[in-house]
Amino acid sequence: MDLELDTDQQELRDHARSFLADSCPPSLVRDLFEGRVIEGRVVEGRVVEGRGPADSGGLWSAMVELGWPALAAEVDHGGLGQGFVAEAVLASELGRVVAPGPYLATVTQFAPVLVAAGAAELLGRVSAGDLTGALALGAADASARADGDGWTLDGVKTHVLDGASAEEIAVVARLVGSRGHEGVGAFLVPRAAVAVEPLTVIDPTMPLATLRLDGVEVDGARVLLDPRDPASFDALEHVRRHATVAMALSGVATCRAIVEATVSYAKQRHQFGRPIGSFQAIKHRLADLYLAVERADALAWYAAVCLAEDDARLPVAAAMAKAALGDCQRLATRDGLQLHGGIGFTWEHDLHFLLKRATTTAFLLGGAEHHRAELARHLGLVA
Amino acid sequence: MDLELDTDQQELRDHARSFLADSCPPSLVRDLFEGRVIEGRVVEGRVVEGRGPADSGGLWSAMVELGWPALAAEVDHGGLGQGFVAEAVLASELGRVVAPGPYLATVTQFAPVLVAAGAAELLGRVSAGDLTGALALGAADASARADGDGWTLDGVKTHVLDGASAEEIAVVARLVGSRGHEGVGAFLVPRAAVAVEPLTVIDPTMPLATLRLDGVEVDGARVLLDPRDPASFDALEHVRRHATVAMALSGVATCRAIVEATVSYAKQRHQFGRPIGSFQAIKHRLADLYLAVERADALAWYAAVCLAEDDARLPVAAAMAKAALGDCQRLATRDGLQLHGGIGFTWEHDLHFLLKRATTTAFLLGGAEHHRAELARHLGLVA
Amino acid sequence: MKLRFDESVESFRAELLGWLAANRPSAEEMAADPSVSTGHAPAWARRWTRTMFDAGWLVPGWPPELGGRNATPTQTLVYLEELARARVPRTSNVQGLGIVAPSIIDYGTPEQIEQYAMAILHGEATACLGMSEPDAGSDLASLRTRAVRDGDHFVVDGQKVWTSGANYADFCFLFCRTDPDVPKHKGISILLVDMDTPGITVRPLPEIVHPDHPDLNEVFFDSVRVPADRLVGELGAGWAMANGSLAHERGMVWVSAVQGIEEALARLLDEAPATTATLPPTEQALANDRIVQVAIDATAARCLGYRAFAKLARGGTAPEQALMKLFSSEVRQRVAEVAAEVQGPDALVTGEVAFDGHQAIDEPQGTWLEQYFQSFANTISAGTSEIQRTIIAERVLGLPREPRPT
Amino acid sequence: MKLRFDESVESFRAELLGWLAANRPSAEEMAADPSVSTGHAPAWARRWTRTMFDAGWLVPGWPPELGGRNATPTQTLVYLEELARARVPRTSNVQGLGIVAPSIIDYGTPEQIEQYAMAILHGEATACLGMSEPDAGSDLASLRTRAVRDGDHFVVDGQKVWTSGANYADFCFLFCRTDPDVPKHKGISILLVDMDTPGITVRPLPEIVHPDHPDLNEVFFDSVRVPADRLVGELGAGWAMANGSLAHERGMVWVSAVQGIEEALARLLDEAPATTATLPPTEQALANDRIVQVAIDATAARCLGYRAFAKLARGGTAPEQALMKLFSSEVRQRVAEVAAEVQGPDALVTGEVAFDGHQAIDEPQGTWLEQYFQSFANTISAGTSEIQRTIIAERVLGLPREPRPT
């Protein structure tokens with residue numbers, strides 16, 4: 001098992017990092033946190049045309065120009081066929097700089113449902129940057145009724161990432177009266193067809209919304225995964241794991257940025273005539289924090305490779321990765337903020353962007369306890 | 001709420017501590033750990049007559065001479081009426097020096113059943129040091145069948161403290177066919193009437209045994225708490241809490257001894273040209289360890305006062321005390337052993353007596369998780 | 001060792017409760033005009049301070065002329081508990097009443113006591129505490145703000161930071177260096193500086209949550225002229241006074257911290273069954289277990305507080321102050337952390353924070369996640385948790401000090 | 001980034017497995033005469049070492065004349081994994097094969113290589129490592145054992161402690177001070193000392209569990225005369241060699257540690273359902289959750305190991321060695337701790353320990369609670385966990401060193 005990036009992947013990472021350093025500076029993140037509208041503005045001396053409300057500072061436009069939405073997708077789907085590790089590299093780099101924009105929801109959550117559905121045309125539009133999407137998971141939250149050739153959906157979807165800005169929503173719903181692994185499917189619903197309630201959240205770079213489906217009628221052609229097909233459940237579990245692994249990778253990268261910021265601060269900040277990083281107790285806490293990040297990072301990349309190679313160990317690896325992100329975020333948030341002292345507590349310092357993003361990634365798609373409970377089943381501890 | 005000992009209680013503590021320093025030195029504990037028979041031997045220059053196999057080094061005889069078994073008991077029961085705080089002081093001091101002997105089982109586990117049963121004559125014998133006992137809890141492990149005027153008991157009792165040496169066993173059993181709070185009672189069974197299987201345990205100062213009851217017939221006069229009396233369940237719950245609080249007090253005192261030994265070692269041991277206790281990481285761990293002991297200690301004494309004053313907060317306080325002992329023992333064992341380095345890892349050093357005793361007290365009568373699960377009910381989190 | 005107090009204490013409690021019922025500001029009155037900073041005393045708060053002073057209930061342990069009734073330490077403990085339970089603040093200007101006024105009374109001139117300390121006790125003024133500086137967060141010995149004598153004035157130049165309530169306070173209890181030529185912990189003096197003196201600039205520091213309600217500030221001093229008679233105590237004796245000023249009502253600062261923990265925990269226990277209702281049983285068990293752990297911490301905090309107090313009441317020393325600061329601030333943090341994690345993604349949703357007036361302004365407010373972030377104020381300020389651990393290790397456990405620069 | 005190895009590695013694996021099946025000692029043979037100390041090689045173990053040497057399977061990365069086959073690092077990794085999976089020990093004398101022999105080969109004379117290193121590789125001798133001293137546990141620079149030149153001999157006086165296997169070893173790779181007049185980390189030299197030399201006293205140190213099976217020893221040197229040609233490398237170059245000798249098969253020492261974790265975890269997962277069967281659902285959920293946490297740790301340990309290895313295989317430095325030492329030893333400890341706690345009072349019951357021969361003698365053995373206590377050998381020896389944390393902080397994170405005495 002080789003968990004290091006190969007040369008091409010390293011190049012992709014270095015390129016993405018350097019691009020984001022220019023195009024997604026802390027000032028852009030601050031604009032979002034402070035509620036300034038930043039659609040289509042001047043970036044690095046050139047005017048970037050905005051592509052809708054999620055195109056913060058033209059960042060998404062620039063990413064589309066670089067072909068990022070197409071990078072991991074299969075060639076048949078208008079992609080460049082570089083596979084999930086490339087997607088993982090991008091999710092990770094975006095997490096590192098608290099980047100806003102549709103990448104996480106569209107590429108790591110919405111597109112996998114399209115892949116499962118074999119929706120090549122839609123995937124082509126995603127790859128081209130012409131379509132943004134969101135994924136509304138949770139079969140228990142919505143019901144589907146067959147209605148002639150089409151379907152009627154009812155229910156409330158909570159905490160949908162990009163739910164207020166994505167053009168299309170992949171809505172998971174359950175056949176009325178079905179239970180367990182039966183009767184679960186996914187439907188493509190235009191955002192305009194649902195009542196959207198954007199939520200004020202701690203991290204505006206990860207916008208969440210509540211979606212109310214009140215007798216939404218869905219054309220038969222918009223069924224992505226037919227709830228009458230027994231294979232749909234497993235397909236959606238795979239989608240959920242894909243989204244979970246991407247979230248874990250992105251969150252761990254944010255945590256690593258917290259640790260780097262904290263280590264750097266500990267080297268500079270003097271107290272009692274010494275850099276605080278020379279005090280042994282601080283050293284040992286930072287060593288433990290580094291270890292927590294390495295642990296979560298190694299598990300996230302392990303899960304990424306399992307996903308990339310379609311390995312049977314994915315269910316365990318994905319749950320471990322997300323559980324480890326929870327552990328690591330808890331520690332990184334606590335120690336990162338504490339060791340920065342008063343300065344990290346101020347709005348003016350950029351640290352809080354990282355803290356709030358890390359917390360958001362840890363809390364979405366199941367926290368540590370949720371995934372550990374799932375692991376107890378996977379490991380045969382409970383039936 | 002006053003959680004400090006008053007002057008009389010302090011005197012008792014100081015006296016007990018000084019007595020045990022003389023009469024229960026580490027060499028006595030070592031004799032037990034190394035399997036030497038030490039019934040009735042010379043202590044401090046005088047021959048002490050042994051009072052049975054549990055009378056290690058004549059320690060129990062000497063405690064009886066000092067009136068310790070009578071100290072907390074009510075005057076009506078041949079006691080000195082000093083109440084549970086006095087008993088708590090002794091349980092604590094005994095834990096501090098890893099003292100062997102019948103005190104914990106006889107006074108803090110067996111006698112409370114007799115109190116619940118109003119068995120004044122038996123209590124008088126316990127107070128006088130003429131009777132040792134053990135408590136076999138766990139209604140599910142034994143069944144009781146009414147048999148004319150008497151009863152027949154069947155079942156297997158595990159991990160009974162002093163089960164192989166006590167003269168009488170208070171056996172908790174359940175009426176055949178009963179459930180829940182109904183049908184639970186306690187019976188006085190001579191040790192000779194049960195099949196005793198002594199266990200080899202990690203801490204021989206806390207000897208455990210498995211007791212097999214195979215159609216044991218109990219005379220009607222030996223019913224301590226009648227299983228047909230609905231009050232018996234609550235009475236036994238109170239007994240269990242009494243035993244639990246005493247175990248928590250004793251265990252916390254052992255943990256405090258570990259911390260004291262570790263702090264003392266950290267002051268003496270030099271590495272890299274400095275006492276290891278001057279390194280900040282060691283300091284902070286010892287501060288956290290001290291805090292864990294203080295937390296558990298404060299809760300144990302809070303529970304002790306609740307018991308002494310028959311306060312309604314006892315169920316919560318007792319469970320918190322024992323749960324906190326678990327937390328504190330885990331940390332004290334880990335850090336105590338780790339920070340002693342190689343020396344604490346040797347059989348020749350006395351540290352391991354403390355470690356093994358602390359672990360034993362934490363594991364008996366329910367570990368931290370057990371008591372936290374109980375607290376979830378007490379605090380209204382689950383029905 | 002006992003659960004309940006003596007009759008004399010219980011009758012004191014009854015008197016207080018009766019008086020509170022008759023005289024306290026109503027919850028509505030407080031909520032209508034809440035305090036928004038530790039230097040901000042709304043009109044009702046100023047009146048309430050004066051009412052307490054006149055009735056001898058402001059600082060019960062002091063004599064009547066200072067707003068007290070010569071209460072015993074145990075009575076003061078009960079007073080603090082009951083005030084917190086009644087959800088009525090003693091003051092929003094916690095540092096003014098808790099540190100500045102007592103220090104002036106201990107070390108100041110009669111004129112300073114009359115003009116500054118009594119103004120606080122009468123509800124007429126609020127004070128802020130000018131200690132921390134950009135390069136001397138927890139390290140008072142490194143402070144650089146200078147006060148140079150110029151005739152009958154001191155001229156102050158320098159910068160303070162993390163100054164709570166400076167955006168509203170009437171005056172500052174300012175630590176500054178009056179002698180740069182002596183070792184670091186010497187040469188520090190204290191001045192009483194009116195905040196409207198020319199040359200003072202206050203820049204509020206919005207916090208990572210509730211940035212619209214700043215309490216912390218940077219304070220810049222640019223040739224600020226302070227009359228020489230505003231020097232508190234001896235020139236150069238600031239270090240000793242700093243240690244003295246933190247000792248007021250010592251052994252009882254934990255009371256409000258523990259009360260804050262218990263209120264937060266009560267809310268958590270109240271909400272939890274609904275929050276966890278939709279979880280599968282296993283996850284519910286894990287969530288409940290985390291809640292139980294902080295519940296144990298909360299009870300332990302109160303027990304440890306009582307124990308520290310009992311030692312003090314018997315004339316013993318109470319090294320447990322560092323322990324109580326450390327433990328109570330970390331437990332408050334854990335309550336919020338656990339509560340937020342149990343909420344899951346709902347914890348990410350924020351909203352307008354409603355300052356309800358009865359809660360001390362420096363207590364964590366808002367959603368659980370916001371409370372969690374805000375709780376770091378208490379593990380960082382007034383000696384970080386790291387410093388408390390070192391104090392426990394050295395002063396309680398007697399471990400050898402690290403070599404420190406002189 | 002990929003889950004599987006190249007074909008060339010897989011065919012190497014197949015060859016190894018075939019050879020092992022045909023040549024390995026049986027479990028019965030091993031159990032009948034188990035190794036009871038890291039210095040003790042039973043007859044079957046001596047034969048097995050020779051068999052591996054002759055077939056080029058003893059140290060695959062070395063050339064054939066040293067018992068290898070010039071294997072690549074990846075092949076060596078696979079070799080170590082498969083050997084561990086097959087539950088057959090490469091050697092009981094882990095320090096002899098892992099540190100002493102390689103160091104002699106690197107720094108020794110041809111005679112020393114022939115007489116000492118090859119004896120280890122041929123299964124004819126075992127060695128112990130004389131480093132730690134009573135006042136220099138983790139601090140080699142403080143060692144005091146002196147070797148004074150006297151004609152064509154060194155005369156050794158002093159004391160070693162925590163010397164694994166010294167109660168059985170044939171010779172000692174002894175660190176001693178040959179020049180007391182230079183700074184502490186200079187003036188240290190290495191001697192090869194036959195353990196039957198007059199003046200050597202070995203006192204086994206029974207451990208807190210399994211005291212009847214001591215592996216650690218005190219070794220006393222009283223005017224022990226060692227021929228001068230037993231000096232390894234340059235006089236006074238011991239410090240540099242100590243750092244070099246620990247670097248053999250670096251980046252792969254984690255393999256057996258991780259294998260030990262996985263074996264322990266597999267046993268725990270296997271036993272747990274029966275152990276927790278009688279618990280109420282809530283407690284079962286808490287017990288399972290603790291087991292899951294160490295299961296995550298175990299997987300992370302393997303992933304971190306592979307990652308450290310990948311860096312090394314690409315020629316990068318692997319500062320993760322300190323991290324792997326720290327993490328794997330602490331995870332092994334946690335597995336035993338959790339397993340014991342899940343057992344509850346049953347964990348307190350002990351019995352005779354059966355050394356089964358296939359498990360390395362320095363792996364934790366016996367009941368879960370005994371394994372827990374014994375696991376501290378790994379968090380204390382070869383650089384305590386505290387030292388590993390400092391190394392990570394300073395060498396990986398680049399935090400400033402503490403002032404150290406020279």
Side-chain angles (χ1 to χ4, degrees), chain A residues 1-6 9 85 88 259-260 263-264 266-267 274-275 277-280 282-291 294-302 304-306 308-309 311 313 316-317 319-321 323-324 327 368-369 371-383, chain D residues 1-6 74 77 265 268-270 272-273 276 281 284-285 287-293 295-311 313-314 316 320 322-324 326-327 330-331 385-386 388-394 396-403:
Chain A
M1 186 159 61
D2 181 351
L3 292 178
E4 281 294 291
L5 297 177
D6 66 27
Q9 292 158 350
V85 174
V259 177
E260 286 172 4
V263 167
S264 163
K267 290 177 188 171
R274 296 161 55 175
S278 73
F279 286 101
Q280 203 196 33
I282 307 295
K283 279 185 189 174
H284 284 202
R285 272 170 71 178
L286 288 171
D288 281 334
L289 184 51
Y290 172 75
L291 182 56
E294 286 291 307
R295 172 179 180 269
D297 192 60
L299 287 167
W301 285 103
Y302 169 56
V305 184
C306 287
E309 299 191 12
D311 192 273
R313 287 168 287 185
V316 165
M320 284 186 170
D327 298 339
E369 276 72 20
H371 287 281
R372 291 206 306 268
E374 189 161 305
L375 283 165
R377 284 187 296 277
H378 287 309
L379 297 176
L381 290 165
V382 282
Chain D
M1 193 166 281
K2 53 192 175 8
L3 287 175
R4 287 177 193 78
F5 290 114
D6 295 338
T74 306
L77 176 68
L265 179 69
L268 173 57
L269 288 171
D270 194 45
T276 63
Q284 205 171 43
N288 286 339
D289 193 56
R290 302 199 63 209
I291 296 169
V292 166
Q293 291 183 39
I296 297 173
D297 282 334
T299 302
R302 183 161 287 277
C303 292
L304 287 168
Y306 282 125
R307 192 143 78 169
F309 174 77
K311 281 194 188 152
R314 283 174 200 167
E320 282 88 353
L323 188 140
M324 286 307 296
L326 173 65
F327 190 59
E330 293 201 341
V331 171
S385 291
E386 290 67 42
Q388 304 305 326
R389 286 192 171 84
T390 298
I391 291 174
I392 292 168
E394 293 179 357
V396 182
L397 303 180
L399 290 167
R401 280 169 175 271
E402 282 199 275

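The chains referred to below are lettered A, B, ... by the order of the sequence lines, with proteins before strands, and numbering in each begins at 1. Everything quoted here is computed from the prediction, not taken from an experiment. These numbers come from the heavy atoms of this one structure, side chains and all, not from hydrogens, waters or symmetry mates.
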Residues D:L269 and D:P273: closest non-hydrogen pair is O-CD, 3.2 Å
Nearest heavy-atom pair of A:K267 and D:L397: which atoms, and what distance?
NZ-O, 3.0 Å
Considering only heavy atoms and a distance below 4.5 Å, find which of A:V85, A:L291, A:L379, A:I282 pairs most often with chain D.
A:L291
May I ask you to name which of A:D327, A:V316, A:D297, A:L286 has the most heavy-atom pairs under 4.5 Å with chain D?
A:D297
Leading residue by heavy atom contact count with chain D [cutoff under 4.5 Å; candidates A:L375, A:V382, A:L381]:
A:L381
Do you know which two heavy atoms are closest between A:C306 and D:L3, and how far apart they sit?
CA-CD1, 4.1 Å
What's the shortest heavy-atom distance between A:D2 and A:E4, and which atoms?
OD1-N, 3.0 Å
Who among D:R302, D:R4, D:R307 has the most heavy-atom pairs with chain A under 4.5 Å?
D:R307
When D:A393, D:C303, D:A301, D:A285 are compared by non-hydrogen pairs under 4.5 Å with chain A, the top option:
D:C303
Please state whether the side chain, the backbone, both or neither of A:R313 comes within less than 4.5 Å of a heavy atom of chain D.
side chain
Do D:D289 and D:Q293 have side-chain N/O donor and acceptor atoms under 3.5 Å apart?
yes
What one should report as the nearest heavy-atom pair of D:N288 and A:A376 is CB-CB, 4.3 Å
Is D:D270 close to chain A through its backbone or its side chain, or both, or neither, when contacts mean heavy atoms under 4.5 Å?
neither
Pick one of side chain, backbone, both or neither for A:E309, based on which atoms fall under 4.5 Å of a heavy atom in chain D.
side chain
What part of D:E386 gets closer than 4.5 Å to chain A, counting heavy atoms only: side chain, backbone, both or neither?
both
Between A:A323 and A:R372, what is the shortest heavy-atom contact and its length?
CB-CG, 3.9 Å
